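First up is the structure itself, then whatever we jot down about it.
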Amino acid sequence: MGSSLAGSSRPLFWWSPYNYTKPLISSSSSSAVPMPSQHPSFEILGGASHRFLPSLPYLARPYNPFPFIASNRHFETIFASFFRSLPDVTLRRECLRTQDGGTVALDWVSGDDKRLPTDSPLLILLPGLTGGSGDSYVRHMLVRARKNGWRVVVFNSRGCGDSPVTTPQFYSASFLGDMRQVVSHVTARYPNANVYAVGWSLGANILVRYLGQESDNCPLSGAVSLCNPFNLVVADEDFRKGFNIVYDKALSKSLRKIFKKHASLFEDMGGEYNIPLAANAKSVREFDDGVTRVSFGFKSVDDYYFNSSSSDSIKHVQTPLLCIQAANDPIAPNRGIPREDIKENPNCLLVVTPKGGHLGWIAGDEAPLGAPWTDPLVMDFIQHLEKTVKSSKSSSDPEKEEALHHVEL
């Protein structure tokens, strides 16, 4: 459910896959509104389709997966994890102590605190399971946003990205306390900035659950969810089948490594904790059974997965949300996507690509070793939201309204 499975490599060759198509003009309303043609290679739906599609001409272009590499979903997933380039960025770490004594690590781009205006839009990035600021898909999004003038911070969960663990508790798909505190922290630091978030895999699940629980009170101006497993019960079923066992073993190995590094914190834990099971877990499910579900008060692993799924949160989301999924994702099953709730929510838009694997999306102008196909789409979406929010704030400025009133008089 998500981090990179390995590091990066040097560019070997280059290929540009796209043919361009012209956007269409929609005349469904009294005034013509530019609408991109929805290319048939995508599944696009959501209550916010008419609201957001005009700002996403990228979707008028066909999704052309890179030859051979994207012919198999597992090959694409593994190739992206091992061979996608890793942008070089100097980060400045801030360790944030949570209310329960835990710690999360926030990685900011070094120098941006002095380089950028205080009202620059701010983007929080949430990596997948065991992932952090060192993952290539995170770095590529960070670099793209920064080039567009955004302030970016990577939220490394407890134990991830070498974030310190200071209490006998890691993070989970169900726990939103750290997310709330991080959002509160960055919004207080930059009160004049509009704040957005992008999450991948388990990070996307946490993000969407946060949006749903905060609902009308959510301080974020927009969000993007990628490779979200949505229904963790369904995802768990598929995770233990066929080739998926390879991912399960890789992620459980990462979890064991993090756990063993901080095992001394768990030495005196009693009750239902099964420390030996977690320390020697051969699957993510075993690790969750030994530690995670106990830490967060669930009676079983299935109870934990059922009650931590973000599919149940979509109906409560009041923040503009773009969900991007790959139909052949081996870890975030296509059948787990809550399509009906997304259709009925006027704040949500879903884009499903025919291929992409998990955290792969080896397509687009930078394929096969550059940024994922999704990055330009994500950037277009949040840039559109930022312009809309700024325009809305400007038009509702009391002083401007008063000045306009005097002019009209």
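No experiment lies behind these values; they were computed from the predicted model shown. Index from 1, following the sequence.
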Practice prompt. Report yes if the side chains of Pro330 and Thr77 come closer than 4.5 Å at any heavy-atom pair, otherwise no.
Written response: yes

Practice prompt. Keeping the roles fixed (side chain from Asn156, backbone from Ser163), state whether a donor-acceptor pair exists under 3.5 Å.
Written response: no

Worksheet entry | cation_pi(Arg151, Tyr190) dist<6.0 Å, angle<=45 | yes

Response to the item:
Here the side-chain hydrogen bond (donor to acceptor under 3.5 Å, both in side chains) pairs for residues 221-234, sequence neighbours left out, are Ser225-Asn228, Asn228-Ser310

Worksheet item: Are any side-chain N or O atoms of Glu214 and backbone N or O atoms of Tyr210, one a donor and one an acceptor, separated by less than 3.5 Å?
Response: no

Item to complete: Kindly indicate whether the side chain of Leu359, heavy atoms from C-beta on, has any atom under 4.5 Å from the side chain of Trp200.
Response: yes

Worksheet item: Is any side-chain heavy atom of Val104 closer than 4.5 Å to a side-chain heavy atom of Leu96?
Response: yes

Worksheet item: So, do His185 and Arg180 sit near enough that their side-chain heavy atoms are less than 4.5 Å apart?
Response: no

Discussion item. Do Val246 and Asp248 have side chains that approach each other closer than 4.5 Å (heavy atoms only, starting at C-beta)?
Written reply: no

Discussion item. Once you measure the plane-to-plane angle for Phe68 and Phe75, does it fall in the parallel (<30°), tilted (30-60°) or perpendicular (>60°) bin?
Written reply: perpendicular

Discussion item. Tell me every residue that passes side chain to side chain donor-acceptor pair (under 3.5 Å) with Ser309, counting only those two or more places apart in sequence or in another chain.
Written reply: none

Worksheet item: Looking at CD of Gln181 and CD of Gln99, how far apart are the two atoms once the value is rounded to the nearest 0.5 Å?
Response: 4.5 Å

Worksheet item: For Ile362, does its backbone N or O pair with a side-chain atom of Glu76 as donor and acceptor, under 3.5 Å?
Response: yes

Fill in: All pairs passing salt bridge (Lys or Arg N to Asp or Glu O under 4.0 Å) where residues 99-109 contributes a residue, at least two apart
Arg93-Asp107, Asp100-Arg158

Discussion item. Taking the side chain as everything from C-beta on, heavy atoms only, tell me whether Phe298 gets closer than 4.5 Å to Asn307.
Written reply: yes

Discussion item. Could you check, using the six-membered ring where one of them is a Trp, whether Phe266 and Phe259 have ring centers closer than 6.0 angstrom?
Written reply: yes

